[in-house]
Amino acid sequence: MLSDHLQVFDFNKKLKSWYLQNHRPLLWRQTSDPYKIWLSEIILQQTRVAQGTPYYEKFISDYPTVFDLAAADERDVLRLWQGLGYYSRARNMHFTARQIVAEFEGKFPQTAVQLAKLKGLGNYTAAAIASFAFGEAIPAIDGNVYRVMARLFGIFTDTLSNEGKKEFAAVAVQLVSHEDPATYNQAMIEFGALQCVPVAPDCKVCPFNDICYAFKFDMQAKLPVKTKKAAVRNRFFNYFILQKGDQLAMQERKGKDIWKGLYDFLMTESTELVDSPDVFFDDIVMYNILSKGRIREIPKVYQHLLTHQRLNVRFWWVDIPMNSDINLPEGLYFYSPEEIHSLPKPILVDTVLREEDYL
DNA sequence: AATGCGTGGCT
DNA sequence: TAGCCAAGCAT
């Protein structure tokens with residue numbers, strides 16, 4: 001551990017020097033606009049820079065200010081977010097944009113404590129915005145920083161436990177630069193992202209290999225300590241794509257399940273793979289719909305992987321005659337191809353519609 | 001405190 | 001391939 005002020009000063013000096021020579025010129029580092037910084041931080045949560053960058057550019061282009069985002073429909077925000085995953089980020093960001101406009105006249109709170117009260121902003125994101133945009137001397141501790149600190153100082157406490165968060169935070173407070181906290185935080189994060197990488201870091205060229213606990217004891221692969229992930233759950237989705245004319249019946253997903261706020265089709269979940277739609281005819285609602293259409297199976301079981309779920313998904317395309325007078329179940333409505341293009345959809349749904357040459 | 005929430009790249 | 005990982009947060 002760095003025990004005195006002189007060592008901390010020396011560490012910060014070397015860290016900043018490394019950063020100035022090695023950092024990437026990312027778009028959101030060229031601004032002190034809290035809105036843009038906020039957007040970039042939300043996008044980058046659990047998301048790689050390469051995947052998030054195009055989304056950052058689209059959002060800044062479509063919604064240049066917090067006022068533009070607040071004025072948008074949630075549906076359009078989700079549509080722009082489509083493909084990034086963890087859609088609550090988009091819903092919370094939209095909610096918070098409206099709050100910032102309504103309560104603060106569009107001005108962001110300027111301290112981490114105030115920022116952390118907003119929906120979608122936890123300790124990390126609040127600290128990042130406070131330091132990057134407003135120069136607050138507070139450490140922003142993300143997964144990169146946990147890794148760097150765990151290895152440098154030999155901290156074996158689980159980074160995801162409450163105890164671990166406290167312990168790492170206590171050390172981080174000692175480290176953060178008060179002269180230039182913004183660069184310090186950027187540097188710690190970038191150092192973790194580029195040099196102190198999760199797998200097989202190149203410690204020969206590391207500026208801190210003289211003081212690093214993990215390098216000294218060859219413990220890079222053991223640190224940081226993280227709890228094991230929960231087992232993957234198998235689920236089986238059976239989708240019915242009801243088409244009438246050129247329109248498809250879609251519904252907004254509600255509740256606590258995956259893809260909340262996104263649109264999909266009439267769906268039945270089963271406990272195992274279903275080969276024929278015949279079994280669904282037992283349900284009177286399904287019978288009334290399916291018996292009126294021509295059913296075509298899309299001959300493929302899609303495997304869609306989420307963090308804790310493996311979706312095994314089958315689609316049946318159901319052509320409903322124009323003169324048929326079926327009543328759609330609650331929440332399902334027919335949408336034109338143009339409308340469907342503009343609806344936010346799970347990437348799986350978008351993929352299937354493209355493969356079927358509908359979109 | 002533990003779990004759920006997406007998607008894509010890499011090995 | 002199956003599993004791990006990627007600038008977390010809400011409940």
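Proteins come first, then strands; the chains are lettered A, B, ... in the order of their sequence lines, and each starts at number 1. None of these values were measured; they are calculated from a predicted model.
Rounded to whole Å, the P atom of B:dG6 lies 25 Å from the corresponding atom of C:dT1. Rounded to whole Å, the C1' atom of C:dC9 lies 23 Å from the corresponding atom of B:dG9. Between B:dT3 and C:dA7, the distance separating the two P atoms is 23 Å to the nearest Å.
Nearest heavy atoms, A:Asp350 versus A:Lys345: OD1-CE, 3.3 Å. Minimum interatomic distance between A:Val173 and A:Pro139 (heavy atoms only, all atoms of both residues): N-CG, 4.0 Å. Residues A:Ala116 and A:Gly122 share a closest heavy-atom pair of CB-O, 4.4 Å. The minimum heavy-atom distance linking A:Leu84 with A:Arg89 is given by the pair O-NH2, 3.2 Å.
Using a 4.0 Å heavy-atom criterion, one finds that A:Leu306 contacts the bases of the nucleic acid, with or without backbone contacts as well. Nucleic acid contact for A:Ser161: none, since no nucleic acid atom lies under 4.0 Å from a heavy atom of the residue. Among the heavy atoms of the strands lying under 4.0 Å from A:Leu84 is at least one base atom, whether or not backbone atoms are also near. Nucleic acid contact for A:Ile189: base, since at least one base atom lies under 4.0 Å from a heavy atom of the residue. A:Asn185 comes within contact range of no nucleotide atom at all, as no heavy-atom separation falls under 4.0 Å. Looking at heavy-atom distances under 4.0 Å, A:Ser88 makes no contact with the nucleic acid at all. Using a 4.0 Å heavy-atom cutoff across all strands shown, A:Lys260 reaches no nucleic acid atom at all.
Comparing A:Val49 and A:Leu121 along DNA chain C, the residue whose closest nucleotide (by nearest heavy atom) sits nearer the 5' end is A:Val49. Taking the nucleotide of DNA chain B with the nearest heavy atom to each of A:Arg233 and A:Leu160, the more 5' of the two is matched to A:Leu160. Map A:Pro346 and A:Ala231 each onto its nearest nucleotide of DNA chain B; the residue landing nearer the 5' end is A:Ala231.
Of the candidate nucleotides B:dC5, B:dG8, C:dA7, B:dG8 has the atom nearest to the side chain of A:Ile347. With B:dG6, C:dA7, C:dC9 as the candidates, the nucleotide lying closest to the side chain of A:Ala193 is C:dA7. Set against C:dC9, C:dA7, B:dT7, the side chain of A:Glu190 has C:dA7 as its closest nucleotide. With distances taken from any side-chain atom of A:Trp259 to the nucleotides B:dT7, C:dA10, C:dA7, the minimum falls on B:dT7.
When the side-chain nitrogen and oxygen atoms of A:His304 are compared with OP1 and OP2 of B:dT7, one or more of them lie within a distance under 4.0 Å. Dashed line: the shortest gap from a side-chain N or O of A:Gln46 to OP1 or OP2 of C:dG8 is under 4.0 Å. Phosphate proximity of B:dT7 to A:Thr307: absent, as no side-chain N or O sits under 4.0 Å from OP1 or OP2. Taking side-chain N and O atoms only, A:Tyr87 has a distance below 4.0 Å to OP1 or OP2 of B:dT7.
Using a 4.0 Å cut-off between charged side-chain N and carboxylate O, A:Arg296 and A:Glu356 make a salt bridge. The residues A:Glu74 and A:Arg91 are annotated as not salt-bridged, no charged nitrogen and carboxylate oxygen being separated by less than 4.0 angstrom.
Counting to the nearest Å, the P atom of B:dG6 and the CD atom of A:Gln303 are 19 Å from each other. For the pair A:Gln309 CD and B:dG4 C1', the computed distance is 8 Å after rounding to whole Å. Atom CZ in A:Arg91 sits roughly 19 Å away from atom P in C:dG8 (whole-Å rounding). One atom, CZ of A:Arg89, and another, C1' of C:dT11, lie 18 Å apart when rounded to the nearest Å. Rounding to whole angstrom units, CG of residue A:Asn123 and C1' of C:dA10 are separated by 13 Å. Atom CZ in A:Arg235 sits about 12 Å away from atom C1' in B:dC5, given to the nearest Å. If you take CD of A:Gln82 and C1' of B:dG6, they are 12 Å apart, rounded to a whole angstrom. Taking atom CZ of residue A:Arg253 and atom C1' of nucleotide B:dG4, one finds them 14 Å apart after rounding to whole Å.
Each of A:Tyr19, A:Tyr184, A:Phe11, A:Phe208 was compared with A:Phe191 under the ring-ring contact (aromatic ring centres under 6.0 Å, His included) criterion, and only A:Phe208 meets it. With A:Arg314 as reference, A:Glu297 is the one residue of A:Glu269, A:Glu297, A:Glu272 to meet the salt bridge (Lys or Arg N to Asp or Glu O under 4.0 Å) rule. Results of the side-chain hydrogen bond (donor to acceptor under 3.5 Å, both in side chains) test with A:Tyr263 over A:Arg75, A:Arg79, A:Glu339, A:Gln251 single out A:Arg75 as the only residue that passes.
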Distances under 3.5 Å only, N/O to N/O: pair up the protein atoms with those of nucleotides 9-11 of chain B.
none

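In terms of modelled atom types and a separation under 3.5 Å, the side chain of A:Gln247 and the main chain of A:Gln243 share no donor-acceptor contact.
For DNA chain C, the residues of residues 140-149 of chain A within the heavy-atom distance limit of 4.0 Å (strictly under) are A:Asp142, A:Gly143, A:Asn144, A:Arg147, sorted by number. Listed in residue order, the members of residues 24-43 of chain A having a heavy atom less than 4.0 Å from DNA chain C are A:Arg24, A:Leu26, A:Trp28, A:Arg29, A:Glu41.
The cationic atom of A:Lys216 (NZ for Lys, CZ for Arg) does not lie both less than 6.0 Å from the six-membered ring centre of A:Tyr213 and within 45° of the ring axis.
For the atom pair A:Phe265 CZ and A:Trp317 CH2, the distance stands at 6.5 Å (nearest 0.5 Å). Taken from CG in A:Asp282 to OH in A:Tyr287, the straight-line distance is 11.5 Å, to the nearest 0.5 Å.
At least one side-chain heavy atom of A:Val66 sits under 4.5 Å from a side-chain heavy atom of A:Phe108.
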